[in-house]
Amino acid sequence: MTGPGVVPDGSVRLTVAQALVRFLAAQRCERDGAEHQFFAGCFGIFGHGNLAGIGQALLEAELHEPGTLPYHQARNEQAMVHAAAAFARMRNRLSAWACTSSIGPGATNMITGAALASISRLPVLLLPGDVFAARVAPPVLQELEYPGGYDVSVNDAFRPVSVFFDRIWRPEQLPSALLGAMRVLTDPAATGAVTLALPQDVQAEARDWPSELFARRVWHVARPVPEPAALARAADVIRSATRPLIVAGGGVIYSEATAELRAFAEAAGIPVAETQAGKGALRYDHPLALGAIGSTGTTAANAIAAQADVVIGIGTRYSDFTTASRTAFACPQVRFVNINVAAADAVKLAGTALVADARAALTALAGALAGWSTGAAYREQARRLAAEWDQAVGLAYALGHQPQPAQSEVIGAVNDAAGPDGVVVCAAGSMPGELHRLWRSQDPKGYHVEYGYSCMGYEIAGGLGVKMAEPGREVFVLVGDGSYLMMAQELVTAVQEGIKIIVVLVQNHGFASIGALSQTVGAARFGTQYRYRNARTGRLDGGILPVDLAANAESLGVRVLRAATIAELRAALGQARSEVGPVLVHIETDPMVPAPGSDAWWDVPVAEVSALEPTRHARHAYEVAKAGQRPFVGPQAPPA
Ligand SMILES: Cc1ncc(C[n+]2csc(CCOP(=O)(O)OP(=O)(O)O)c2C)c(N)n1
Ligand SMILES: [Mg+2]
């Protein structure tokens with residue numbers, strides 16, 4: 001029998017799993033001269049598909065090289081991927097976590113997390129266990145016997161949701177798979193979920209590895225500069241504008257380009273609207289800040305968008321929420337200049353593409369446009385519209401709605417409690433839209449709403465990841481009752497690790513968001529409330545269910561504070577700040593109070609024929625709105 005260690009020719013004898021762990025611990029990342037460890041650690045839930053391989057390797061690392069790849073337990077595999085994605089987002093994608101799972105259900109539980117990470121371009125490394133490569137006694141427990149081919153396992157379902165996928169059928173494949181994985185994880189244009197599926201037997205197999213495999217390796221995160229000709233084209237388009245608008249997306253924040261954005265906007269006098277991922281790029285009270293754009297946008301941003309002749313998208317993938325399903329940009333001559341590190345995004349809406357890092361491009365554009373500016377009347381109009389909107393926000397924060405408060409008042413109280421340094425975390429339900437419109441953001445990293453996948457259940461797990469990435473900042477997780485019921489179990493992880501998050505649970509007995517949407521499409525809030533089945537009607541329209549989610553959280557070991565009014569909520573948030581461990585604040589709100597909006601559209605097709613009058617009515621409204629949709633948007637002839 002051979003033990004691990006350096007063998008005489010300089011190679012190292014380790015299992016595949018031990019080699020993998022050692023490799024991950026040696027990876028570093030550098031941008032702008034700052035270098036650090038790339039992997040902060042490894043989340044994991046063990047089963048027969050990973051405990052003897054990766055599990056054993058993590059144990060050895062913990063005992064012999066503590067701190068190199070620390071292991072963290074999670075309760076649910078999907079949640080651990082969410083925590084990893086949130087961590088990466090908070091660190092501007094310069095650090096990541098690995099996630100190890102068993103085979104079968106443990107692995108497929110990670111698929112939703114993988115989709116979220118890939119859609120929002122957040123680096124996570126997934127290490128699902130896989131079926132035996134040797135296939136000597138199939139099927140292994142939890143193996144899908146795919147009749148069409150024995151090389152298929154459930155892990156093939158990771159392929160479409162991963163930006164890189166490989167399965168290590170043989171130990172020799174590991175080194176090149178690892179290099180490929182690292183390249184993608186550290187490339188801002190390509191990053192997302194990277195999956196290395198690890199057959200259970202291969203994980204435990206030993207091999208002599210060249211010691212260079214484990215050498216410290218630095219991955220340099222580039223800031224691609226714009227090509228001069230492309231820069232000139234972009235500057236020409238912008239110079240032709242009289243009513244330009246900047247749409248700041250997540251790329252501005254990941255690139256740490258917010259100072260350059262402000263300088264460019266100020267010099268050129270261009271107002272700035274923000275997507276969900278880009279919110280926080282410019283302080284809410286900056287004179288050029290229009291706030292949220294699109295379906296969940298402000299009246300200010302959407303009024304300017306409707307008349308904009310040039311839209312400068314920076315680090316945005318122009319989701320349907322951003323473009324209000326391609327109705328937001330209504331000027332017939334509107335043209336787009338798209339600054340994006342990913343070429344696929346830069347060409348959208350038939351725009352003039354500027355493939356580059358956001359910071360590099362903004363610096364270059366500022367130079368190319370030096371001395372050029374919009375007219376004073378336009379800038380003043382933008383400032384006035386934004387001020388009007390902020391007044392509406394102030395009113396929504398202080399509605400004084402009785403007997404139960406409105407959700408907008410909860411958002412106002414949390415905004416005050418968060419102050420300039422707190423971070424708000426949310427993902428699904430009615431809160432992301434209200435937060436987008438109403439949250440007064442003061443810091444680029446203070447607003448963390450995951451709206452690429454808008455996955456119910458991301459909130460608490462994501463909050464953990466945010467706090468782990470920025471332990472010095474207070475983290476406020478806003479979660480609806482529906483999302484809490486979907487996935488709240490990582491509260492136990494917070495208790496276990498002593499991770500201080502403040503969860504604000506907004507109880508409204510069902511899906512306020514989907515209920516409201518259902519009403520607009522003529523579906524009468526069907527199936528969106530948590531109610532007993534009514535013996536009389538046979539429908540789910542009985543009394544409210546007797547759930548006590550505060551008691552539920554308490555039973556998991558979390559400190560719970562119950563608030564019935566906004567005054568009590570404010571007091572509870574103050575107390576929560578002084579606690580050391582995780583806290584949950586429970587409040588019930590009235591789901592029927594709408595927050596101020598901008599009447600922007602979102603394309604949700606309505607039944608074309610129906611026996612129901614409200615549906616027919618909704619279909620008519622749908623067709624009217626649909627007529628304003630511009631599926632392609634350009635290219636238009638430049639103004640003469
Ligand atoms: C995993 C998942 N399933 C379904 C949806 C569709 N969906 C979006 S919001 C929502 C309801 C959310 O309910 P809750 O968290 O209570 O928030 P509320 O709408 O009441 O504000 C649903 C079902 C989703 N976003 N994610
Ligand atoms: Mg709800």
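Note that ligands are numbered from 1 as they come in the structure, with each ligand's atoms numbered from 1 the same way.
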Neighbour count above 12 (heavy atom, 6.0 Å) for Gln391 CD
no
among protein heavy atoms, the one nearest atom 25 (N) of ligand 1 is Ser454 O, 2.8 Å
Atom 21 (O) of ligand 1 [closest protein heavy-atom partner, distance rounded to 0.1 Å]
Ser430 OG, 2.5 Å
Counting non-hydrogen protein atoms only, what is the nearest one to atom 18 (P) of ligand 1? Give residue, atom name and distance.
Ala512 N, 3.5 Å
Sub-4.0 Å heavy-atom approach of Gly515 to ligand 1:
no
Mark yes or no for whether Thr565, through its side chain, and Glu568, through its backbone, hold a donor-acceptor pair below 3.5 Å.
yes
Is the Mg ion (ligand 2) less than 2.8 Å from at least one N/O/S atom of Gly510?
yes
So is there a nitrogen or oxygen of Gly482 less than 3.5 Å from a nitrogen or oxygen in ligand 1?
yes
Assess whether atom CZ of Arg539 is packed by more than 12 heavy atoms of other residues, nucleotides or ligands within 6.0 Å.
no
Rounded to the nearest 0.5 Å, how far apart are CZ of Phe87 and CG of Leu464?
12.0 Å
Nearest heavy atom to atom 8 (C) of ligand 1, choosing from Val506, Ile514, Leu485, Asp481, belongs to Ile514
Which heavy atom of the protein is the closest neighbour of atom 19 (O) of ligand 1, given with residue, atom name and distance?
Ser513 OG, 2.6 Å
side-chain hydrogen bond (donor to acceptor under 3.5 Å, both in side chains) partners of Arg525, counting only residues at least two apart
Gln519
Are Lys348 and Tyr318 in a cation-pi setup, meaning NZ or CZ lies under 6.0 angstrom from the ring centre and within 45 degrees of the ring axis?
no
Which option wins on minimum heavy-atom distance to atom 9 (S) of ligand 1: Ser483, Gly457, Gly429?
Gly429
For the residue pair Tyr447 / Gln276, report whether a side-chain donor-acceptor contact shorter than 3.5 Å exists.
yes
Heavy-atom nearest option to atom 3 (N) of ligand 1, drawn from Glu459, Met456, Gln78:
Met456
Using only N, O or S atoms, tell me which atom of Asp481 is closest to the Mg ion (ligand 2).
OD1
Out of Tyr451, Phe511, Tyr530, whose heavy atom is nearest to atom 11 (C) of ligand 1?
Phe511
Sidechain-backbone polar pair: Gln78 side chain, Ile111 backbone, donor-acceptor under 3.5 Å:
no
At less than 2.8 Å, would any N/O/S atom of Asn508, backbone or side chain, sit next to the Mg ion (ligand 2)?
yes
Determine whether a donor-acceptor pair (N or O, by modelled atom type, separation under 3.5 Å) exists between the side chain of Ser483 and the backbone of Val479.
no
Compute the shortest N/O to N/O distance between Gly510 and ligand 1 and return yes if it is under 3.5 Å, no if not.
yes
